[in-house]
Novice: 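My questions all concern the structure below.
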Number of protein chains: 2
Amino acid sequence: MESNLVPRDIMHRAARRFKMLSEPVRLEILSLLHERGEMSVQELVEETGQHQANISKHLRHLAGEKCVKRRKEGLFAYYSINDPTLSSICMLVCGRLRQEADAA
Amino acid sequence: MESNLVPRDIMHRAARRFKMLSEPVRLEILSLLHERGEMSVQELVEETGQHQANISKHLRHLAGEKCVKRRKEGLFAYYSINDPTLSSICMLVCGRLRQEADAA
DNA sequence: GAACAATATAACGATGTCGATATATTATGG
DNA sequence: CCATAATATATCGACATCGTTATATTGTTC
């Protein structure tokens, strides 16, 4: 019950950060990157079953928001999680969801 | 780098939870509720400057996702935060955003 | 520099969600 | 039971974003 949970001056940025986490495919991407540390676009395409263009677009969004880091090596682009708080946030939410499910 | 950051069976639910946090007006509502503990629709309308219908709709979404709790008293409906993890999550993200801003 | 592979971008239709306006519901008081 | 106040719901147009398909870019190899 204190002041300024989300300060006005970063409210829109915060909303955009959360929007990154509001799509199942992006959560799957982050989940995979969390497990394996670093993956190429191809690997992500194979694991998710999504089309390459779709994965590239999601990665572009994630990278634009600094959620994810890109490393180019030859023909391949390797992505990894850049924002370490994302993992904590996901675990918090998932823990809460389990809790709600148990309570019900 | 471990297993199952966001387990498949709750991935869609997690995404929906994050979607609740992905709109500035909803973040403002949660921020106000965090400060004051409990507020009527009217109060939220006044503080945010949004139209009543819009606030009611956002509250409906938030309540549907169990983010927020509703208490009816006479003509008034009082809302308060129901999911305590939301505050932690918002603070994590805002801290990170500050950090990124400082680094730049 | 031509052929090929990995990734990125463009364009498109379908669907979702925003805020605004209008109307319905619910509860109180006279 | 009628008027009024607080809240909820319905509908609408504008705009964003999803996944798909097609194409462009980038880098490697011969």
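Since the structure is predicted, the reported quantities are computational estimates derived from the model, not experimental observations. Labels below follow one simple rule: chain letters A, B, ... track the order of the sequence lines, proteins then strands, and each chain is numbered from 1.
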Novice: What's the closest nucleotide to the side chain of A/Y79 if the choices are C/dA8, D/dT21, D/dT7?
Specialist: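 Among the listed nucleotides, the one closest to the side chain of A/Y79 is C/dA8.
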Novice: Are the side chains of B/Q50 and B/H58 in contact, using a 4.5 Å heavy-atom criterion?
Specialist: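 Result no, sub-4.5 Å side-chain heavy-atom pair not found.
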Novice: Got a salt bridge between A/R13 and A/E65, using NZ or NE/NH1/NH2 to carboxylate O under 4.0 Å?
Specialist: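 So A/R13 does not pair with A/E65 through a salt bridge.
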Novice: Counting side-chain heavy atoms from C-beta on, which of D/dT7, C/dC18, C/dT9 comes nearest to B/S40?
Specialist: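 Selected nucleotide (nearest to the side chain): D/dT7.
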Novice: Would you say a side-chain N or O of A/R26 is under 4.0 Å from OP1 or OP2 of D/dC18?
Specialist: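 Result: yes.
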Novice: How many Å lie between CD on B/Q52 and P on C/dT23, as a whole number?
Specialist: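 For the pair B/Q52 CD and C/dT23 P, the rounded distance is 15 Å.
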Novice: Find out whether B/Q42 and B/Q52 are in side-chain contact, i.e. whether some heavy atom of one side chain is under 4.5 Å from a heavy atom of the other.
Specialist: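 Counting from C-beta outward, B/Q42 and B/Q52 never come under 4.5 Å.
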Novice: Hey, does the side chain of B/R60 come within less than 4.0 Å of D/dT9's phosphate (OP1/OP2), counting only N and O?
Specialist: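 So the side chain of B/R60 is within the cut-off, an N or O lying under 4.0 Å from OP1 or OP2 of D/dT9.
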Novice: Send over the distance from B/H61 NE2 to C/dG19 P, rounded to a whole Å.
Specialist: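 Answer to the nearest Å: 10 Å.
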Novice: Rounded to whole Å, how long is the line connecting atom CG of B/L44 with atom P of D/dT7?
Specialist: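 After rounding, the reported distance stands at 9 Å.
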Novice: Side chain of A/H51, heavy atoms from C-beta onward: which of D/dT21, D/dG19, C/dT7 has the nearest atom to it?
Specialist: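 Minimum distance to the A/H51 side chain belongs to D/dT21.
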Novice: Rounded to whole angstrom units, what separation is found between the CG atom of B/L75 and the P atom of C/dG29?
Specialist: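 One finds 8 Å between P of C/dG29 and CG of B/L75, rounded.
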Novice: CG of A/N54 versus P of C/dT9: gap in Å, rounded?
Specialist: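 In whole Å, C/dT9 P and A/N54 CG are 14 Å from each other.
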Novice: What nucleotide, of D/dA8, C/dG19, C/dT9, holds the atom closest to the side chain of B/A77?
Specialist: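 Within the option list, the nearest is D/dA8.
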Novice: Which nucleotide in the set D/dT7, C/dG19, D/dT9 lies at the smallest distance from any side-chain heavy atom of B/V41?
Specialist: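 In terms of side-chain proximity for B/V41, the closest of D/dT7, C/dG19, D/dT9 is D/dT7.
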Novice: Looking for any heavy atom pair under 4.0 Å, which part of the strands does B/E23 touch: base, sugar-phosphate only, or nothing?
Specialist: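 Sugar-phosphate: the residue B/E23, judged by heavy atoms under 4.0 Å, touches backbone atoms but no base.
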Novice: Can you measure B/E43 atom CD to D/dA5 atom C1' for me and round it to whole angstrom units?
Specialist: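 Result: 15 Å.
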Novice: Rounding to a whole Å, what distance do you find between B/F18:CZ and D/dT17:P?
Specialist: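 Those two atoms, CZ and P, are 18 Å apart.
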Novice: Which nucleotide sits closest to the side chain of A/K57: D/dT17, C/dT7, C/dA11?
Specialist: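 That would be C/dA11.
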Novice: What are the two closest heavy atoms between B/I81 and B/L30, and how far apart are they?
Specialist: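 For B/I81 and B/L30, the tightest heavy-atom pair comes out as CD1-O, 3.6 Å.
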Novice: Measure from the side-chain heavy atoms of B/H58 and tell me the nearest of C/dG19, D/dC18, D/dT7.
Specialist: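 Per side-chain heavy atoms of B/H58, the pick is C/dG19.
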Novice: Without decimals, in angstroms, what is the distance between B/L21 CG and C/dC18 P?
Specialist: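 The answer, rounded to whole Å, is 13 Å.
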Novice: Look at all strands and tell whether A/K72 reaches a base, only sugar-phosphate, or nothing, counting heavy atoms closer than 4.0 Å.
Specialist: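 The answer is sugar-phosphate, as A/K72 gets under 4.0 Å only of primed atoms, P, OP1 or OP2.
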Novice: Salt bridge or not between B/R8 and A/E28? Use side-chain N to carboxylate O under 4.0 Å.
Specialist: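 So B/R8 pairs with A/E28 through a salt bridge.
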Novice: Give a yes/no on whether any side-chain N or O of B/R70 is located under 4.0 angstrom from OP1 or OP2 of D/dT7.
Specialist: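 The answer is no; no side-chain N or O of B/R70 sits under 4.0 Å from OP1 or OP2.
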Novice: Hey, is B/E100 close enough to A/K66 for a salt bridge, meaning N to O under 4.0 Å?
Specialist: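 Not counted as a salt bridge, because no side-chain N and carboxylate O are separated by less than 4.0 Å.
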Novice: Return the nearest nucleotide to the side chain of A/Q42; candidates are C/dT9, C/dT7, D/dA6.
Specialist: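 Closest nucleotide among those given: C/dT7.
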